[in-house]
Amino acid sequence: MTAEPLPEHPDFLWRNPEPRSSYDVVIVGAGGHGLATAYYLAKNHGITNVAVLEKGWLAGGNMARNTTIIRSNYLWDESAAIYEYALKLWEGLPEELDYDFLFSQRGVLNLAHSLQDVREGVRRVNANRLNGVDAQWLEPDEVAKVCPILNLSSRTRYPVLGGTFQPRAGIAKHDHVAWALARRADEIGVDLIQGCEVTGFLKDGDRVVGVETNRGRILAGRVGLASAGHSSVLAERAGVRLPVQSHPLQALVSELHEPVHPTVVMSNHVHVYVSQAHKGELVMGAGVDSYNGYGQRGSFHVIEQQMAAAVELFPVFARAHVLRTWGGIVDVTPDASPIIGTTPVENLYVNCGWGTGGFKATPAAGWTFAHTIATGEPHPLNAPFALERFATGALIDEHGAAAVAH
Amino acid sequence: MLLISCPWCGPRDETEYHYGGQAHVPYPETTADLTDEQWAEYVFYRDNPKGPFAERWMHSTGCRRWFNVLRDTVTYEVLSSYRLDEPRPELPQAGGNNR
């Protein structure tokens with residue numbers, strides 16, 4: 001067995017134009033969500049006079065730092081609907097974008113280590129099935145068939161009592177996803193502008209009419225924020241307060257290994273999630289640091305606990321070396337669900353609060369955010385995820401299915 | 001790992017503590033008169049500054065007492081720690097919370 005070679009990239013991916021003085025729509029943040037929004041603004045709504053502004057380099061924020069997992073096994077109807085819509089889009093995107101980004105539906109296994117975990121898992125499987133999401137409850141002997149390298153001994157500190165399995169879930173090569181979206185958006189006429197930081201907003205009364213940047217003023221009919229960890233900092237400059245807290249979330253990879261790990265394994269209880277990248281690295285994540293932070297690095301004790309859990313679950317990893325670790329800044333909401341919709345400022349829209357799970361939602365976030373920006377109204381899929389829910393109390397509590405402690 | 005100084009026990013590693021979010025968030029007065037939006041503000045909305053932030057920590061494996069810390073959320077430097085009955089220190093390098 002050898003690891004899979006990566007596909008060749010096209011020579012030309014996108015232009016690097018100078019910013020024009022005005023656009024119909026300005027998107028702030030050229031990560032996966034911002035790029036997908038620009039793509040669907042053009043494709044679904046015929047709006048091509050669009051700029052995506054990025055303070056750093058394209059897809060260099062959380063898009064470059066996640067653990068690439070895609071799944072839709074969320075508990076509540078609203079979440080299952082939007083994440084399953086995303087998964088269906090993922091299934092068609094490589095062909096639609098004509099770009100092999102190594103979307104691999106190798107399944108995701110969420111382990112249960114306590115009676116409460118088992119009950120929560122069975123409940124979620126039933127909820128998933130009622131929502132048309134593929135889900136199975138696996139007993140330990142069935143878990144062993146899906147992932148033979150898992151330690152299923154009853155003598156571990158937190159034995160595996162079973163798990164939920166979503167066969168259609170999987171992973172994709174995150175940076176290739178961004179480049180695929182960027183290339184197509186660029187071809188349609190969207191200006192992708194790197195090294196362009198938004199420092200303020202131009203307003204006419206309660207209406208936003210443009211942005212101030214380090215490369216000058218840019219007028220805009222509508223402005224969409226898709227800046228993940230910095231959402232609240234940016235929104236505040238426009239006079240909008242968001243119920244979001246920013247936390248460092250870190251991940252790590254091992255050196256390259258022969259293919260040993262056939263699926264994605266996640267554990268909420270002992271808290272580690274692991275998959276094996278196409279090239280052969282073991283990709284692992286854990287929970288967020290408890291405190292607020294913007295430092296793009298995490299605490300050492302979080303890695304320590306995550307590695308202890310990984311080695312107990314996968315004794316075969318005991319001699320694997322860590323190659324590198326990194327951190328991203330995630331924007332966490334009180335109910336662990338995103339905010340996609342309008343703001344109190346006219347023509348200003350926000351897509352944020354995805355916390356630790358934004359990557360898997362990329363196409364659906366783009367689809368619904370583009371709809372909201374183009375029409376001024378939410379799409380049925382993102383209507384429940386409005387900012388107003390924190391005042392009405394119609395929260396979508398996904399702390400359980402979010403799968404990362406935050 | 002952060003080194004945080006408990007006002008009673010002295011400097012200890014971050015792992016001895018539990019994080020409690022933003023400090024100095026008073027329970028609203030005249031609660032019967034609050035609108036849904038004002039309740040949402042109290043329950044769900046907190047400052048999220050990039051820079052100095054006054055926050056609560058509890059020394060869970062030590063004296064188990066709550067106290068406040070002034071910490072920079074970018075550099076992670078702990079600027080000050082102080083008891084709950086003490087005011088937020090005025091430090092030249094520390095701007096205000098947003099409100």
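Chain A is the first sequence line, chain B the second, and so forth, proteins listed ahead of strands; every chain is numbered from 1.
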Region of [X] that comes under 4.5 Å of a non-hydrogen atom in chain B:
| X | result |
| --- | --- |
| Gln296(A) | backbone |
| Ile303(A) | neither |
| Val302(A) | neither |

(request) Indicate the atoms forming the closest heavy-atom contact of Phe390(A) with Ala40(B), along with that distance. (result) O-CB, 3.2 Å
(message) Counting heavy-atom pairs under 4.5 Å with chain A, which one of Leu2(B), Val74(B), Val43(B), Thr35(B) comes out on top?
(response) Leu2(B)
(message) Please rank Gly393(A), Ser232(A), Ser290(A) by heavy-atom pairs under 4.5 Å with chain B and give me the top one.
(response) Ser290(A)
(request) Give the member of Ala391(A), Pro334(A), Gly298(A) that has the highest number of heavy-atom pairs under 4.5 Å with chain B. (result)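 Top option by heavy-atom pairs under 4.5 Å: Ala391(A).
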(request) Report the distance from atom CZ of Arg46(B) to atom CG of Leu242(A), rounding to the nearest 0.5 Å. (result) 15.0 Å
(message) Distance check, rounded to the nearest 0.5 Å: Asn292(A) atom CG versus Tyr76(B) atom OH?
(response) 9.5 Å
(request) Please tell me if the side chains of Arg241(A) and Glu41(B) come closer than 4.5 Å, counting only heavy atoms from C-beta onward. (result)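 Touching, per the 4.5 Å side-chain cut-off.
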(message) Quick check: do Phe44(B) and Leu395(A) have side-chain heavy atoms less than 4.5 Å from each other?
(response)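 They are in side-chain contact.
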(request) Could you list the residues that satisfy salt bridge (Lys or Arg N to Asp or Glu O under 4.0 Å) with Glu16(B), not counting sequence neighbours? (result)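 Once residues adjacent in sequence are excluded, the partners of Glu16(B) under the salt bridge (Lys or Arg N to Asp or Glu O under 4.0 Å) criterion are Arg12(B).
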(request) Please flag which part of Thr75(B) lies under 4.5 Å from any non-hydrogen atom of chain A: side chain, backbone, both or neither. (result) backbone
(message) Report which part of Glu14(B) has an atom under 4.5 Å of a heavy atom belonging to chain A: side chain, backbone, both, or neither.
(response)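 When you check distances to chain A, only side chain atoms of Glu14(B) fall under 4.5 Å.
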(message) Does atom CH2 (Trp8(B)) have a neighbourhood of more than 12 heavy atoms from anything else shown, all under 6.0 Å?
(response)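 Result for CH2/Trp8(B): enclosed.
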(message) Would you say CG of Asp206(A) has more than 12 non-hydrogen atoms from neighbouring residues, nucleotides or ligands within 6.0 angstrom?
(response) no
(request) Return yes if some donor-acceptor pair links the side-chain N/O of Glu236(A) with the main-chain N/O of Asp47(B) below 3.5 Å, else return no. (result)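 Looks like no, no N/O pair under 3.5 Å.
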(request) Without swapping roles, check the side chain of Asn48(B) against the backbone of Ser246(A) for a donor-acceptor pair under 3.5 Å. (result)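 Yes.
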Taking distance alone, no hydrogens or angles, what donor-acceptor pairs closer than 3.5 Å link side-chain atoms of residues 342-349 of chain A to residues at least two apart or in another chain?
{"from": "Thr343(A)", "atom 1": "OG1", "to": "Val345(A)", "atom 2": "N", "distance (Å)": "3.1"}
{"from": "Thr343(A)", "atom 1": "OG1", "to": "Val345(A)", "atom 2": "O", "distance (Å)": "3.0"}
{"from": "Thr343(A)", "atom 1": "OG1", "to": "Leu348(A)", "atom 2": "O", "distance (Å)": "2.9"}
{"from": "Asn347(A)", "atom 1": "ND2", "to": "Gly221(A)", "atom 2": "O", "distance (Å)": "3.4"}

(message) Please report whether the ring centroid of Phe53(B) lies less than 6.0 Å from that of Tyr291(A).
(response)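 Distance test on ring centres: not under 6.0 Å, no.
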